[in-house]
Novice: 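Please find one structure pasted underneath; my questions will follow.
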Amino acid sequence: MEFSADLIAQQVGGTVEGDGSVTVSTFSKIEEAKPGSITFLANPKYTHYIYSTDASIVLVRKDFVTEGDIRPTLIKVEDPYATLSALMTMVAKFMFVMPTGIEQPCHIAEGVAVDEDSYVGAFAYIGQGARLGKGVKIFPQTYIGRNVVIGDGTIIYPGVKIYDSCHVGARCIIHSGAVIGADGFGFAPTPDGYHKIPQIGIVEIGNDVEIGANTTVDRATMGATRVADGVKLDNLIQVAHNAEVGQSTVIAAQTGIAGSTKVGKWCMIGGQVGFAGHIKIGDKVQIGAQSGVPNDVSDESRIMGYPAVPARDFMRQSAYIKRLGELFERVKKLEDK
């Protein structure tokens with residue numbers, strides 16, 4: 001499929017600067033672009049690429065001003081990155097057509113309704129009492145336990161396991177290998193060893209949530225482990241029993257959230273962050289990668305390090321550490337003197 005700059009600008013509410021008839025058929029990164037592709041410029045540190053890129057069309061901000069000759073046609077928009085995302089979503093609907101129907105062999109318990117727009121792949125298992133919304137897509141080798149509830153339009157990719165009685169909202173995407181509702185890590189120490197504490201709660205996942213491959217969300221000891229509307233979890237994340245992740249929070253890979261910790265709304269959490277249990281993270285908190293968070297964090301904080309401290313303090317400490325060798329030499333010379 002090919003689209004002209006004029007047509008794209010019309011679809012996204014942008015303005016064309018250059019040849020509006022030029023066409024593109026694919027997307028590319030600005031530094032690797034080939035003719036016939038569309039790319040974007042959102043980060044100022046990549047601005048120099050716009051003067052050498054071979055892309056045919058570049059999405060730029062409305063206030064972007066060129067400082068030299070450029071080859072591509074520009075489409076000026078409010079937010080190039082968001083616009084690119086919208087365009088890719090539109091194209092994906094044509095490229096990736098979701099299947100419908102029921103493949104065999106699979107097991108669908110008696111009484112479970114599957115509407116005509118839904119899909120159940122081969123070797124999937126759907127347990128007694130499960131409730132599936134309209135247009136749900138359940139790919140092969142997926143396990144849906146008893147009394148699980150899945151909302152309209154949710155996609156469950158191959159190999160996902162959703163244990164009994166867990167709830168998944170509408171328009172969610174759960175990627176391969178994710179496990180929803182496994183037992184929380186609860187054991188009581190006794191003279192005879194560790195005795196398992198039954199985990200009798202559930203997991204509640206809101207609407208428009210995306211959960212990455214091999215991520216686990218444990219069921220609660222009592223009550224529910226909750227992942228709120230709009231949350232995006234990367235691959236290989238652990239959300240422990242009775243933890244809560246607030247609305248529209250995004251978390252990068254290999255993060256671990258210990259039991260009963262509550263993460264607020266609109267937080268941004270880097271990869272390999274570790275949270276202690278029973279703490280509270282405020283709203284709109286930003287946490288740098290590989291941080292260790294042992295205590296409560298107030299709203300709108302920016303922290304990093306191990307243990308995590310305000311981001312400015314961490315950067316100052318890092319600068320001091322780099323100069324420690326020089327400092328020791330100076331002290332030694334002073335002592336000798």
Novice: Salt-bridged, Asp296 to Lys280, with N to O below 4.0 Å?
Specialist: no

Novice: Are the side chains of Pro80 and Arg61 in touch, meaning some heavy atoms are under 4.5 Å apart?
Specialist: yes

Novice: Could you check if a side-chain atom of Thr100 sits within less than 4.5 angstrom of a side-chain atom of Lys137, using non-hydrogen atoms only?
Specialist: yes

Novice: Using a 3.5 Å distance criterion without hydrogens, assess whether the side chain of Asp117 forms a donor-acceptor pair with backbone atoms of Gly135.
Specialist: no

Novice: Does the side chain of Asp208 reach to within under 4.5 Å of the side chain of Asp229, using non-hydrogen atoms?
Specialist: no

Novice: For the residue pair Asn43 and Leu41, what are the closest heavy atoms and their distance?
Specialist: O-CD1, 3.6 Å

Novice: Quick one: pull up CD1 in Ile138 and CD1 in Ile144 and give me the separation to the nearest 0.5 Å.
Specialist: 4.5 Å

Novice: Charged N to carboxylate O below 4.0 Å: is that the case for Arg316 and Asp313?
Specialist: yes

Novice: Going hydrophobic residue to hydrophobic residue with side-chain gaps under 4.5 angstrom, can you get from Val168 over to Val112?
Specialist: yes

Novice: Under 6.0 Å from the CD atom of Glu78, do we count more than 12 heavy atoms belonging to anything else shown?
Specialist: no

Novice: So, for Gln247 and Ala228, which heavy atoms are closest and what is the spacing to 0.1 Å?
Specialist: N-CB, 3.4 Å

Novice: Are Ile205 and Val227 close enough that some pair of their side-chain heavy atoms sits under 4.5 Å apart?
Specialist: yes

Novice: What do the steps show when you test Thr23 against Ser4 for side-chain contact (heavy atoms from CB on, under 4.5 Å), and what is the final call?
Specialist: CA-CA 4 Å; Thr23 60; Ser4 70; 4.1 Å; yes

Novice: Between atom CD of Gln272 and atom CD of Gln290, what is the distance when rounded to the nearest 0.5 Å?
Specialist: 4.5 Å

Novice: Does the Thr255 side chain pair with the main chain of Ile237, one donor and one acceptor, at a distance under 3.5 Å?
Specialist: no

Novice: Take Ser118 and Leu132 through the test side-chain contact (heavy atoms from CB on, under 4.5 Å) and record every step on the way to the result.
Specialist: CA-CA 9 Å; Ser118 293; Leu132 309 182; 5.7 Å; no

Novice: I'd like to know if the side chain of Thr73 reaches the main chain of Asp19, judged simply by a donor and an acceptor atom lying under 3.5 Å from each other, with no hydrogens or angles considered.
Specialist: yes

Novice: Under the ring-ring contact (aromatic ring centres under 6.0 Å, His included) rule, what pairs show up with a residue in residues 159-182, not counting sequence neighbours?
Specialist: Tyr157-His175

Novice: Does any N or O in the side chain of Thr221 come within less than 3.5 Å of the main-chain N or O of Gln199, such that one atom is a donor and the other an acceptor?
Specialist: no

Novice: Is there a path of hydrophobic side-chain contacts, each under 4.5 Å between heavy atoms of I, L, V, M, F, W or Y residues, that connects Met268 with Val231?
Specialist: no

Novice: For Ile279, is there any backbone N or O sitting under 3.5 Å from a side-chain donor or acceptor partner on Asn295?
Specialist: no

Novice: Check whether Asn207 reaches the backbone of Gly169 with its side chain - one donor and one acceptor, N or O, closer than 3.5 Å.
Specialist: no

Novice: If you measure from CD1 on Ile251 to CZ on Phe275, what distance do you get to the nearest 0.5 Å?
Specialist: 6.5 Å

Novice: What's the shortest heavy-atom distance between Ala308 and Val293, and which atoms?
Specialist: CB-CG2, 4.3 Å

Novice: Taking all non-hydrogen atoms of both residues into account, name the closest pair between Ser291 and Met304 and its distance.
Specialist: OG-CA, 3.1 Å

Novice: I need the minimum non-hydrogen distance between Ile257 and Ala243, along with the two atoms involved.
Specialist: CG2-CB, 4.0 Å

Novice: Decide whether Thr216 and Gln238 meet the rule of one side-chain donor and one side-chain acceptor closer than 3.5 Å.
Specialist: yes

Novice: Can you hop from Ile281 to Tyr306 via hydrophobic side chains spaced under 4.5 Å?
Specialist: no

Novice: Let me confirm one number: the OH-CD1 distance from Tyr119 to Ile102, rounded to the nearest 0.5 Å.
Specialist: 11.0 Å

Novice: Step by step, work out the salt bridge (charged side-chain N to carboxylate O under 4.0 Å, His left out) result for Lys134 and Asp152.
Specialist: CA-CA 5 Å; Lys134 296 178 180 179; Asp152 295 347; over 6 Å; no

Novice: Which distance, rounded to the nearest 0.5 Å, do you find between the OG1 of Thr249 and the CD of Glu244?
Specialist: 12.0 Å

Novice: Do Val160 and Val136 belong together in a cluster built from hydrophobic side chains that touch within less than 4.5 Å?
Specialist: yes

Novice: Thinking salt bridges, do Asp54 and Arg71 make one under a 4.0 Å N-O criterion?
Specialist: yes

Novice: Would the number of heavy atoms belonging to other residues, nucleotides or ligands and lying under 6.0 Å from NZ of Lys196 be above 12?
Specialist: yes

Novice: Could you give all pairs that pass the ring-ring contact (aromatic ring centres under 6.0 Å, His included) test and reach residues 214-247, with sequence neighbours left out?
Specialist: none

Novice: Do NZ/NE/NH1/NH2 and the carboxylate oxygens of Glu204 and Arg226 come within less than 4.0 Å?
Specialist: yes

Novice: Counting distance only, does the side-chain N/O of Thr53 pair as donor-acceptor with the main-chain N or O of Ala55 below 3.5 Å?
Specialist: yes

Novice: Take a 6.0 Å sphere around CD of Glu2 and say whether it holds more than 12 heavy atoms from other residues, nucleotides or ligands.
Specialist: yes

Novice: Return yes if some donor-acceptor pair links the side-chain N/O of Ser301 with the main-chain N/O of Pro310 below 3.5 Å, else return no.
Specialist: no

Novice: Do Ile8 and Val24 touch side chain to side chain, with heavy atoms closer than 4.5 Å?
Specialist: yes

Novice: Taking side chain as C-beta onward, heavy atoms only, is Pro105 less than 4.5 Å from Phe123?
Specialist: yes

Novice: Evaluate whether atom CG of Asp336 has more than 12 neighbouring non-hydrogen atoms of other residues, nucleotides or ligands under 6.0 angstrom away.
Specialist: yes

Novice: If we ignore hydrogens and angles and just use 3.5 Å, is the side chain of Thr261 paired with the main-chain N or O of Ala276 as donor and acceptor?
Specialist: yes

Novice: List the steps, then state whether side-chain contact (heavy atoms from CB on, under 4.5 Å) holds for Ile50 with Phe64.
Specialist: CA-CA 11 Å; Ile50 203 167; Phe64 178 76; 3.8 Å; yes

Novice: With rounding to the nearest 0.5 Å, note down the distance linking CD1 in Ile211 to CG in Asn235.
Specialist: 11.5 Å

Novice: Is it true that Tyr49 and Ile57 fall in one hydrophobic cluster, defined by side-chain heavy atoms closer than 4.5 Å?
Specialist: no

Novice: Taking the inter-plane angle between the rings of Phe40 and Tyr81 on a 0 to 90° scale, is it parallel (under 30°), tilted (30 to 60°) or perpendicular (over 60°)?
Specialist: tilted

Novice: Kindly determine whether Leu87 and Leu59 satisfy side-chain contact (heavy atoms from CB on, under 4.5 Å), including the steps that lead there.
Specialist: CA-CA 11 Å; Leu87 285 173; Leu59 299 168; 4.1 Å; yes

Novice: Shortest non-hydrogen contact from Glu67 to Tyr51?
Specialist: N-OH, 2.8 Å

Novice: Any Lys/Arg nitrogen of Asp283 or Lys265 sitting under 4.0 Å from an Asp/Glu carboxylate oxygen of the other?
Specialist: no

Novice: Would you say the side-chain atoms of Arg219 pair up with the backbone N or O of Gly201, donor to acceptor, closer than 3.5 Å?
Specialist: yes

Novice: Is there a side-chain contact between Thr66 and Leu74, using heavy atoms and a 4.5 Å cut-off?
Specialist: yes

Novice: I'd like to check Met98 versus Phe139 (side-chain heavy atoms, cut-off strictly below 4.5 Å). Are they in contact?
Specialist: yes

Novice: Tell me if the NZ atom of Lys232 is crowded by more than 12 foreign heavy atoms within 6.0 Å.
Specialist: yes

